[in-house]
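Throughout, numbering of the chain's residues begins at 1 and tracks the sequence.
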Amino acid sequence: MIAITTWMEHFLTALHKTFGDRISFIGLQGSYARGEASDTSDIDVVVILDSVSAADLKDYRAMLDPLPHRDRICGFFSGKQELLNWEPSDLFQFYYDTIPVEGSLDDLLERITPDSVDRAVKIGACNIYHACVHNMLHEKNEELLKGLYKSATFTIQAICFRQTGCYVRHLTELLDKVSLEEQNIIRTYLAVKNGQNVSFSDDSEQLFLWAKKWITEDYKK
(Lines give C-alpha, C1' and ligand atoms only; values in the text may rest on other atoms or scores of the structure.)
Protein backbone atom coordinates (compact mmCIF):
# COMPACT_ATOMS: atom_id res chain seq x y z
CA MET A 1 0.00 0.00 0.00
CA ILE A 2 1.16 3.55 -0.73
CA ALA A 3 2.74 5.45 2.19
CA ILE A 4 0.37 8.37 1.81
CA THR A 5 2.19 10.75 4.18
CA THR A 6 5.44 10.42 2.25
CA TRP A 7 3.63 10.64 -1.06
CA MET A 8 1.81 13.81 0.00
CA GLU A 9 5.13 15.43 0.89
CA HIS A 10 6.34 14.87 -2.69
CA PHE A 11 3.03 16.11 -4.05
CA LEU A 12 2.98 19.28 -1.94
CA THR A 13 6.56 20.17 -2.88
CA ALA A 14 5.78 19.79 -6.60
CA LEU A 15 2.48 21.65 -6.31
CA HIS A 16 3.95 24.66 -4.52
CA LYS A 17 6.81 24.79 -6.99
CA THR A 18 4.32 24.82 -9.87
CA PHE A 19 1.61 27.17 -8.56
CA GLY A 20 3.09 28.99 -5.54
CA ASP A 21 0.81 31.48 -3.80
CA ARG A 22 -2.00 30.82 -6.26
CA ILE A 23 -2.99 27.78 -4.19
CA SER A 24 -6.20 28.34 -2.22
CA PHE A 25 -6.79 24.85 -0.84
CA ILE A 26 -5.33 21.34 -0.84
CA GLY A 27 -7.21 18.31 0.48
CA LEU A 28 -7.57 14.55 0.36
CA GLN A 29 -10.68 12.50 -0.31
CA GLY A 30 -11.64 8.85 -0.60
CA SER A 31 -10.22 5.82 1.14
CA TYR A 32 -6.88 7.40 2.03
CA ALA A 33 -8.70 10.28 3.74
CA ARG A 34 -10.84 7.80 5.68
CA GLY A 35 -7.91 5.56 6.63
CA GLU A 36 -9.49 2.67 4.72
CA ALA A 37 -7.12 2.40 1.75
CA SER A 38 -6.16 -0.91 0.18
CA ASP A 39 -3.45 -1.92 -2.30
CA THR A 40 -5.72 -0.89 -5.18
CA SER A 41 -7.00 2.45 -3.81
CA ASP A 42 -6.67 5.64 -5.81
CA ILE A 43 -5.16 8.81 -4.38
CA ASP A 44 -7.97 11.38 -4.50
CA VAL A 45 -6.41 14.82 -4.14
CA VAL A 46 -8.27 18.13 -4.17
CA VAL A 47 -6.52 21.26 -5.44
CA ILE A 48 -8.21 24.66 -5.59
CA LEU A 49 -6.34 27.58 -7.22
CA ASP A 50 -7.29 31.24 -7.36
CA SER A 51 -8.51 30.50 -10.90
CA VAL A 52 -7.84 27.81 -13.48
CA SER A 53 -7.00 28.21 -17.16
CA ALA A 54 -6.45 25.60 -19.84
CA ALA A 55 -2.72 26.27 -19.47
CA ASP A 56 -2.99 25.46 -15.76
CA LEU A 57 -4.48 22.08 -16.61
CA LYS A 58 -1.48 21.32 -18.81
CA ASP A 59 0.93 22.48 -16.09
CA TYR A 60 -0.81 20.36 -13.47
CA ARG A 61 -0.72 17.30 -15.70
CA ALA A 62 2.99 17.83 -16.37
CA MET A 63 3.57 18.19 -12.63
CA LEU A 64 1.73 14.94 -11.87
CA ASP A 65 3.36 12.79 -14.54
CA PRO A 66 6.77 12.33 -12.80
CA LEU A 67 5.24 11.63 -9.36
CA PRO A 68 5.24 8.13 -7.88
CA HIS A 69 2.08 6.07 -8.48
CA ARG A 70 0.92 8.35 -11.29
CA ASP A 71 -1.63 5.74 -12.38
CA ARG A 72 -3.38 6.01 -9.01
CA ILE A 73 -3.66 9.81 -8.90
CA CYS A 74 -7.09 11.31 -9.47
CA GLY A 75 -9.27 13.89 -7.74
CA PHE A 76 -10.61 17.41 -8.17
CA PHE A 77 -8.84 20.46 -9.65
CA SER A 78 -10.67 23.78 -9.86
CA GLY A 79 -10.60 27.53 -9.53
CA LYS A 80 -12.04 29.05 -6.35
CA GLN A 81 -14.80 31.04 -8.08
CA GLU A 82 -15.97 28.00 -10.00
CA LEU A 83 -16.23 26.06 -6.73
CA LEU A 84 -18.07 28.86 -4.92
CA ASN A 85 -20.65 28.86 -7.72
CA TRP A 86 -20.91 25.07 -7.99
CA GLU A 87 -24.23 23.20 -7.87
CA PRO A 88 -25.00 23.21 -4.10
CA SER A 89 -26.20 19.60 -3.99
CA ASP A 90 -22.71 18.50 -5.08
CA LEU A 91 -21.01 20.71 -2.51
CA PHE A 92 -22.54 18.79 0.41
CA GLN A 93 -20.63 15.58 -0.30
CA PHE A 94 -17.57 17.47 -1.47
CA TYR A 95 -17.25 19.48 1.73
CA TYR A 96 -17.83 16.69 4.22
CA ASP A 97 -15.78 14.05 2.42
CA THR A 98 -12.68 16.24 2.04
CA ILE A 99 -9.91 16.23 4.67
CA PRO A 100 -8.06 19.59 4.56
CA VAL A 101 -4.30 19.47 4.14
CA GLU A 102 -3.78 23.19 3.56
CA GLY A 103 -6.44 25.88 3.70
CA SER A 104 -10.17 25.63 4.42
CA LEU A 105 -13.41 24.96 2.55
CA ASP A 106 -15.58 26.71 5.14
CA ASP A 107 -16.62 29.35 2.60
CA LEU A 108 -18.83 26.63 1.12
CA LEU A 109 -20.90 26.09 4.26
CA GLU A 110 -23.36 28.92 3.63
CA ARG A 111 -24.34 27.21 0.36
CA ILE A 112 -24.93 23.79 1.95
CA THR A 113 -28.54 24.34 3.02
CA PRO A 114 -31.19 21.74 3.93
CA ASP A 115 -32.65 22.22 0.45
CA SER A 116 -29.29 21.44 -1.17
CA VAL A 117 -29.00 18.21 0.86
CA ASP A 118 -32.57 17.30 -0.14
CA ARG A 119 -31.57 17.83 -3.75
CA ALA A 120 -28.47 15.67 -3.28
CA VAL A 121 -30.68 12.81 -2.09
CA LYS A 122 -33.20 13.21 -4.90
CA ILE A 123 -30.58 13.50 -7.65
CA GLY A 124 -28.63 10.56 -6.22
CA ALA A 125 -31.70 8.33 -6.08
CA CYS A 126 -32.85 9.33 -9.59
CA ASN A 127 -29.43 8.69 -11.11
CA ILE A 128 -29.12 5.30 -9.41
CA TYR A 129 -32.64 4.31 -10.47
CA HIS A 130 -32.02 5.25 -14.10
CA ALA A 131 -28.65 3.51 -14.31
CA CYS A 132 -29.89 0.44 -12.47
CA VAL A 133 -32.83 0.01 -14.83
CA HIS A 134 -30.58 0.49 -17.85
CA ASN A 135 -28.14 -2.07 -16.51
CA MET A 136 -30.85 -4.62 -15.72
CA LEU A 137 -32.32 -4.29 -19.21
CA HIS A 138 -29.31 -3.77 -21.44
CA GLU A 139 -25.77 -3.82 -20.03
CA LYS A 140 -26.08 -6.61 -17.44
CA ASN A 141 -22.69 -5.45 -16.16
CA GLU A 142 -21.58 -6.52 -12.67
CA GLU A 143 -18.89 -3.83 -12.42
CA LEU A 144 -21.46 -1.15 -13.19
CA LEU A 145 -23.70 -2.58 -10.48
CA LYS A 146 -20.86 -2.41 -7.97
CA GLY A 147 -20.33 1.24 -8.88
CA LEU A 148 -24.02 1.97 -8.34
CA TYR A 149 -23.86 0.45 -4.87
CA LYS A 150 -20.93 2.72 -4.09
CA SER A 151 -22.96 5.71 -5.30
CA ALA A 152 -25.86 4.58 -3.12
CA THR A 153 -23.68 4.81 -0.01
CA PHE A 154 -23.10 8.51 -0.76
CA THR A 155 -26.85 9.04 -1.03
CA ILE A 156 -27.35 7.23 2.27
CA GLN A 157 -24.82 9.56 3.91
CA ALA A 158 -26.94 12.49 2.69
CA ILE A 159 -30.15 10.88 3.97
CA CYS A 160 -28.55 10.31 7.36
CA PHE A 161 -27.27 13.89 7.49
CA ARG A 162 -30.70 15.29 6.62
CA GLN A 163 -32.38 13.18 9.29
CA THR A 164 -29.82 13.56 12.08
CA GLY A 165 -27.65 16.57 11.26
CA CYS A 166 -24.61 14.29 11.52
CA TYR A 167 -22.27 13.42 8.65
CA VAL A 168 -20.89 9.90 9.09
CA ARG A 169 -17.79 9.31 6.98
CA HIS A 170 -17.14 5.64 7.81
CA LEU A 171 -19.67 3.15 6.45
CA THR A 172 -19.29 0.75 9.37
CA GLU A 173 -20.39 3.57 11.69
CA LEU A 174 -23.20 4.56 9.32
CA LEU A 175 -24.74 1.12 9.75
CA ASP A 176 -25.77 2.02 13.28
CA LYS A 177 -27.63 5.18 12.22
CA VAL A 178 -29.81 4.15 9.28
CA SER A 179 -32.81 1.95 8.60
CA LEU A 180 -32.65 -1.77 7.83
CA GLU A 181 -33.05 -1.12 4.10
CA GLU A 182 -30.08 1.25 4.08
CA GLN A 183 -28.09 -1.22 6.18
CA ASN A 184 -28.69 -3.88 3.53
CA ILE A 185 -27.44 -1.57 0.77
CA ILE A 186 -24.29 -0.73 2.75
CA ARG A 187 -23.62 -4.37 3.66
CA THR A 188 -23.99 -5.44 0.03
CA TYR A 189 -21.54 -2.75 -1.07
CA LEU A 190 -19.00 -3.68 1.61
CA ALA A 191 -19.30 -7.36 0.69
CA VAL A 192 -18.68 -6.87 -3.04
CA LYS A 193 -15.94 -4.35 -2.29
CA ASN A 194 -14.20 -7.06 -0.26
CA GLY A 195 -14.42 -9.59 -3.08
CA GLN A 196 -17.78 -11.28 -2.68
CA ASN A 197 -19.42 -12.21 -5.98
CA VAL A 198 -22.35 -10.14 -7.18
CA SER A 199 -25.75 -11.78 -7.33
CA PHE A 200 -26.75 -9.73 -10.35
CA SER A 201 -30.51 -10.33 -10.31
CA ASP A 202 -31.05 -10.10 -6.55
CA ASP A 203 -28.63 -7.23 -5.95
CA SER A 204 -30.02 -5.26 -8.89
CA GLU A 205 -33.58 -5.72 -7.65
CA GLN A 206 -32.64 -4.64 -4.14
CA LEU A 207 -30.99 -1.47 -5.42
CA PHE A 208 -33.83 -0.72 -7.86
CA LEU A 209 -36.49 -0.95 -5.14
CA TRP A 210 -34.42 1.13 -2.73
CA ALA A 211 -33.87 3.92 -5.28
CA LYS A 212 -37.54 3.87 -6.22
CA LYS A 213 -38.47 4.38 -2.57
CA TRP A 214 -36.31 7.49 -2.16
CA ILE A 215 -37.61 9.01 -5.37
CA THR A 216 -41.23 8.67 -4.30
CA GLU A 217 -41.18 8.92 -0.48
CA ASP A 218 -40.41 11.68 2.01
CA TYR A 219 -37.08 10.70 3.58
CA LYS A 220 -37.28 13.59 6.09
CA LYS A 221 -39.94 11.88 8.20
Side-chain angles (χ1 to χ4, degrees), residues 19 22-34 36 42-54 56-57 60 74-134 147-171 173-174 177-179 181-182 185-186 189 207 210-221:
F19 295 110
R22 294 182 56 203
I23 299 168
S24 175
F25 177 83
I26 306 167
L28 190 63
Q29 294 180 332
S31 55
Y32 277 102
R34 296 190 300 271
E36 299 172 348
D42 290 331
I43 307 171
D44 297 286
V45 287
V46 174
V47 175
I48 310 299
L49 302 183
D50 53 354
S51 63
V52 167
S53 66
D56 290 327
L57 297 177
Y60 187 53
C74 60
F76 186 84
F77 185 75
S78 173
K80 185 173 182 178
Q81 286 305 309
E82 295 95 297
L83 187 62
L84 289 173
N85 288 278
W86 207 265
E87 163 58 41
S89 61
D90 282 344
L91 292 179
F92 160 73
Q93 194 80 41
F94 180 83
Y95 177 85
Y96 285 102
D97 197 45
T98 304
I99 301 298
V101 175
E102 292 184 11
S104 172
L105 292 174
D106 287 352
D107 287 349
L108 302 178
L109 280 174
E110 66 181 27
R111 303 203 63 217
I112 304 173
T113 64
D115 285 345
S116 67
V117 183
D118 292 346
R119 184 167 165 79
V121 174
K122 182 59 67 88
I123 291 173
C126 288
N127 287 342
I128 291 165
Y129 179 96
H130 172 71
C132 190
V133 169
H134 180 83
L148 292 176
Y149 266 92
K150 180 178 181 179
S151 296
T153 65
F154 298 143
T155 303
I156 293 171
Q157 285 173 316
I159 292 169
C160 180
F161 183 87
R162 192 65 177 94
Q163 292 174 336
T164 69
C166 179
Y167 183 81
V168 183
R169 181 174 284 109
H170 299 282
L171 295 182
E173 297 175 9
L174 190 62
K177 298 182 180 296
V178 296
S179 71
E181 288 173 295
E182 276 73 59
I185 296 294
I186 294 170
Y189 169 66
L207 192 62
W210 175 82
K212 176 181 178 179
K213 170 184 175 179
W214 293 118
I215 292 172
T216 57
E217 292 192 11
D218 183 359
Y219 51 84
K220 292 179 284 185
K221 291 180 180 178

Distance, nearest 0.5 Å, that separates CG of Leu105 from OH of Tyr96: 11.5 Å
Between CZ on residue Phe77 and CG on residue Asp56, distance to nearest 0.5 Å: 5.5 Å
Heavy-atom closest pair, residues Leu174 and Thr153: CD2-O, 4.5 Å
4.5 Å side-chain heavy-atom contact, Leu57 and Val52: yes
Whether Arg34 side chain and Leu171 backbone form a donor-acceptor pair below 3.5 Å: no
Criterion side chain to side chain contact (heavy atoms under 4.5 Å, CB included) on Val178 and Ile159, from CA distance to verdict: CA-CA 9 Å; Val178 296; Ile159 292 169; over 6 Å; no
Shortest non-hydrogen separation from Thr98 to Gly27 and the atoms involved: CG2-CA, 4.1 Å
Nearest heavy atoms of Asp42 and Tyr32, plus distance in Å: O-CD1, 3.2 Å
Which atom of Ile215 lies closest to which atom of Cys126, heavy atoms considered: CD1-CA, 3.8 Å
Side chain to side chain contact (heavy atoms under 4.5 Å, CB included) between Val121 and Asp118, intermediate numbers included: CA-CA 5 Å; Val121 174; Asp118 292 346; 5.9 Å; no
Nearest non-hydrogen partners of Gln29 and Phe94, listed with the distance: NE2-CD1, 3.4 Å
NE2/His134: more than 12 non-hydrogen atoms of other groups inside 6.0 Å: yes
Note, Tyr95 side chain near Asp106 side chain (heavy atom, < 4.5 Å): yes
Between NZ on residue Lys80 and OG on residue Ser24, distance to nearest 0.5 Å: 4.0 Å
Distance-only polar pair, side chains of Glu87 and Ser89, donor-acceptor under 3.5 Å: yes
Closest non-hydrogen atom pair between Ile185 and Ala152, with its separation: CG2-CB, 3.8 Å
Side-chain heavy-atom pair Asp107, Phe25 within 4.5 angstrom cut-off: no
Check: Ile123 and Thr155 side chains under 4.5 Å, non-hydrogen atoms: no
Side chain to side chain, Arg169 and Asp97, heavy atoms closer than 4.5 Å: yes
Reported OG-to-NZ distance for the pair Ser179 and Lys213, which is rounded to 0.5 angstrom: 5.0 Å
Stepwise side chain to side chain contact (heavy atoms under 4.5 Å, CB included) test for Ile48 and Ser78: CA-CA 5 Å; Ile48 310 299; Ser78 173; 4.0 Å; yes
Donor on one side chain, acceptor on other, Trp214 and Glu182, under 3.5 Å: yes
Check: Val46 and Ile99 side chains under 4.5 Å, non-hydrogen atoms: no
Worked verdict on Leu148 versus Asn127 for side chain to side chain contact (heavy atoms under 4.5 Å, CB included): CA-CA 9 Å; Leu148 292 176; Asn127 287 342; over 6 Å; no
From NZ (Lys212) to SG (Cys132), nearest 0.5 Å: 12.5 Å
Spacing of CD1 belonging to Ile128 relative to CG belonging to Leu207, to within rounding of 0.5 Å: 6.0 Å
Side-chain heavy atoms of Phe92 within contact of Arg111, under 4.5 Å: no
Side chains of Val47 and Phe19 in contact at under 4.5 Å (non-hydrogen atoms): no
Any donor-acceptor pair under 3.5 Å from Glu82 side chain to Ser51 backbone: no
